[in-house]
Amino acid sequence: MAVFPRLLFNLMQRVVHQLLPNSCYTAAKKVKQYGFFFKPPSLRTPHPPSFSLYPHVSKCSLQDRASHTLVSDFHGSLLRPSSSKDCSFFPYFMLLAFEGGSLVRALILLLSWPILRLLDWESKLKAMIFISFCGLPIKSMANVSSTVLPNFYLDNLNLHVFEAFQAIGCKVVFTSVPRVMVEGFLRNYLKVDDVVGTELQTCGNYFTGLVSGSGLVVKHKALVEYFGEERRPDVGIGAPDLHDYPFISLCKEAYIVNNEDSKGWRSSVVGRERYPKPLIFHDGRLAFLPTPLAALCMFMWIPVGIFVAFFRICIGIVLPYRLAILLGCWSGLRITLEGYNRTTTLDSKQHISKKGVLFVCSHRTLLDPVFLSTSMGKPLIAVTYSLSKFSEIIAPIKTVRLARDRAKDGEAMRRMLEKGDLVVCPEGTTCREPYLLRFSPLFAELTDEIVPVAVNTKVSMFYGTTASGLKWLDPVFFLMNPRPSYQMVVLPKLPREWTCGGGKSSYEVANYIQTQLADVLGFECTKLTRKDKYLMLAGNEGLVAS
């Protein structure tokens with residue numbers, strides 16, 4: 001009796017093959033493979049064998065490879081293979097849809113995922129390309145690919161493949177995903193010589209969402225076209241599936257990665273210290289890799305997160321410091337203040353002085369002065385170079401906008417110091433990664449009563465900073481996180497011998513404080529500035545119109 005359903009399905013298979021397009025036919029084959037409706041478990045197609053025709057990439061010798069040529073796939077090879085093959089591309093298209101498009105576009109991509117799973121590999125990829133790219137500016141998508149995606153690519157590099165990339169001289173990557181998604185990262189961070197990827201159709205300055213006439217890149221055919229019939233690359237690295245076997249079989253040496261690389265990801269991850277180029281700046285709102293399940297959780301949290309952010313803003317504006325901290329912690333905020341004591345942070349001479357104290361902070365978000373003021377339980381004045389009107393309205397402390405004129409800004413800060421304690425972030429802009437930007441020395445010329453404050457934050461869902469997005473939403477996105485944290489360490493007041501009054505130049509004072517804060521936070525000092533950041537991420541100098 002078990003044979004009859006099998007014969008019936010084979011007959012239906014032939015009919016479907018003749019009448020329906022290839023994508024639907026492949027979807028029917030999936031039904032056959034997984035046994036939906038028709039096949040009993042005993043007749044389901046077994047999984048492919050665990051052994052492989054080619055050795056693992058860790059067996060590749062890395063000695064004397066400078067003159068050799070390496071070819072590799074991107075997803076599933078250079079990036080650690082996903083535990084689910086169906087969703088290996090999805091997170092990166094979701095990043096493009098969310099960061100380059102809109103929340104609605106990202107939601108459409110998520111809602112289409114159950115349908116995409118029924119399609120064959122080629123149709124699925126074309127559908128994700130269409131949803132993510134259709135109607136978006138070429139410049140915008142190129143910017144997202146170069147400023148948002150590298151952060152996630154570096155987090156998911158396969159260690160063994162990365163080591164091969166470092167050892168071998170000439171590197172060419174073949175991928176079926178759009179070239180615009182990967183080329184900037186591969187050339188800037190891995191020094192890849194060339195990238196062969198799928199080309200997309202454009203209309204004016206916008207993507208149509210359709211692939212070019214040549215279609216998706218077929219890797220083994222593209223390799224033959226690139227190198228010719230006679231020449232063979234020295235090393236080929238691919239995934240252990242039927243799509244990559246023809247590709248790597250054209251190389252003199254062929255190696256594969258396997259799913260064990262994703263299961264033991266802690267041992268196969270590439271540490272930050274091994275990055276060919278430090279990742280100091282990156283953009284985008286999402287602080288996690290949006291797999292289908294993670295993206296679903298995000299969309300379910302957003303309505304709740306908006307309410308939570310509004311609640312946290314209100315208690316910060318209306319309630320006294322202690323009650324605001326109590327309710328803030330109850331809502332999920334984690335605030336830590338170390339080293340601050342009203343009686344020991346400043347010596348008795350300070351109390352005689354009419355001037356206030358200058359708190360010099362490392363800069364992580366626009367909320368740094370707010371959290372410092374609330375945690376200390378005292379009103380502080382914050383100075384900033386560019387602040388949106390919305391951020392000024394919701395700020396529970398006094399804010400002063402600077403004019404980027406050294407003389408005017410110095411005079412304005414001196415006046416504020418005469419009125420009370422002042423908070424300044426001499427980096428001039430935020431940095432998400434464990435680096436400190438160059439400290440502007442202007443603050444050191446204002447007073448000798450300087451207290452350094454090391455500030456760090458952690459988020460799980462949304463970044464509270466942006467270079468190319470809407471800056472007035474920065475505090476909202478930070479407060480929308482389920483459990484954001486602020487860690488602040490107040491250092492002892494700067495010794496007089498390390499102030500301008502003690503004979504040091506303002507540059508020496510600024511560099512000394514930068515080094516002190518970096519040591520406390522475990523960060524690295526850089527000479528980069530606000531201008532460097534915004535030119536790199538947004539193509540402007542980061543000014544906000546008043």
Side-chain angles (χ1 to χ4, degrees), residues 22-23 26 48-49 51-79 81 85 88-89 120-126 129 157-158 160-202 210-258:
N22 184 55
S23 60
T26 309
F51 65 87
S52 172
L53 298 175
Y54 300 102
H56 188 259
V57 65
S58 59
K59 306 298 182 182
C60 177
S61 173
L62 305 180
Q63 301 297 324
D64 301 324
R65 291 284 196 174
S67 60
H68 289 189
T69 300
L70 178 148
V71 297
S72 172
D73 188 13
F74 188 69
H75 291 277
S77 299
L78 183 55
L79 297 188
K85 182 181 175 181
S88 59
F89 298 128
D120 66 288
W121 180 85
E122 181 178 344
S123 300
K124 181 191 307 179
L125 183 55
K126 287 182 178 179
I129 291 173
L157 284 178
N158 185 300
H160 300 299
V161 181
F162 171 77
E163 290 175 342
F165 266 67
Q166 293 295 96
I168 297 177
C170 179
K171 300 171 282 286
V172 182
V173 172
F174 294 82
T175 178
S176 299
V177 302
R179 179 176 54 85
V180 68
M181 288 181 63
V182 299
E183 185 174 29
F185 166 73
L186 291 171
R187 291 187 183 276
N188 293 334
Y189 286 89
L190 297 183
K191 306 302 179 186
V192 169
D193 297 275
D194 204 358
V195 180
V196 180
T198 298
E199 300 294 338
L200 303 181
Q201 292 183 9
T202 59
L210 304 175
V211 299
S212 63
S214 57
L216 297 176
V217 166
V218 180
K219 286 171 285 191
H220 65 277
K221 294 182 180 179
L223 187 147
V224 173
E225 292 177 3
Y226 188 90
F227 289 97
E229 295 286 350
E230 303 298 328
R231 185 183 172 193
R232 297 176 63 193
D234 297 286
V235 179
I237 301 176
D241 57 44
L242 298 180
H243 289 93
D244 277 7
Y245 280 169
F247 167 65
I248 60 177
S249 66
L250 298 174
C251 305
K252 297 177 183 178
E253 302 176 37
Y255 301 94
I256 63 163
V257 298
N258 54 39

Stepwise side chain to side chain contact (heavy atoms under 4.5 Å, CB included) test for H160 and H56: CA-CA 9 Å; H160 300 299; H56 188 259; 3.6 Å; yes
Would V196 and R179 count as a side chain to side chain contact (heavy atoms under 4.5 Å, CB included) here? Give the steps. CA-CA 7 Å; V196 180; R179 179 176 54 85; over 6 Å; no
Side chain [X], main chain [Y], donor-acceptor under 3.5 Å:
X	Y	answer
T198	V217	yes
T175	D73	no
R232	C251	yes
Q201	S212	no

Grab the two heavy atoms, one from [X] and one from [Y], that are nearest each other, plus how far apart they are.
X	Y	value
F174	K219	O-CD, 3.8 Å
A239	D244	N-OD2, 2.6 Å
V161	S77	CG2-O, 3.3 Å
I248	G236	CG2-C, 3.9 Å
R187	V195	NH2-N, 4.0 Å
S249	P246	OG-O, 2.9 Å

From [X] [atom1] over to [Y] [atom2], what is the distance, rounded to the nearest 0.5 angstrom?
X	Y	atom1	atom2	value
L190	F162	CG	CZ	6.5 Å
C170	D234	SG	CG	9.0 Å
I237	F247	CD1	CZ	9.5 Å
Y255	S61	OH	OG	7.5 Å
C60	R65	SG	CZ	4.5 Å
F165	L70	CZ	CG	5.0 Å

Please identify each residue that fulfils ring pair (Phe, Tyr, Trp, His ring centres under 6.0 Å) with F227, with sequence neighbours left out.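 Applying ring pair (Phe, Tyr, Trp, His ring centres under 6.0 Å) to F227 gives none.
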Can you tell if the side chain of L78 reaches within under 4.5 Å of the side chain of N158, non-hydrogen atoms only?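 A side-chain contact under 4.5 Å is absent here.
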Please examine the side chains of V172 and V192, heavy atoms only from C-beta on, and report whether any two atoms are closer than 4.5 Å.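 A side-chain contact is absent here, since even the closest heavy-atom pair is not under 4.5 Å.
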Check K221 with E225, please: is the shortest side-chain N to carboxylate O separation under 4.0 Å?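 Between K221 and E225 there is no salt bridge, as every charged N stays at least 4.0 Å from the carboxylate O atoms.
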Check this for me, if you would: do K171 and D194 make a salt bridge, where the nitrogen-to-carboxylate-oxygen distance has to be below 4.0 angstrom?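 Salt bridge flag = no for D194 with K171.
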Between V71 and Y226, does a side chain to side chain contact (heavy atoms under 4.5 Å, CB included) hold up when you go through it step by step? CA-CA 11 Å; V71 297; Y226 188 90; over 6 Å; no
Residues V177, V182; criterion side chain to side chain contact (heavy atoms under 4.5 Å, CB included); working and verdict: CA-CA 8 Å; V177 302; V182 299; 4.0 Å; yes
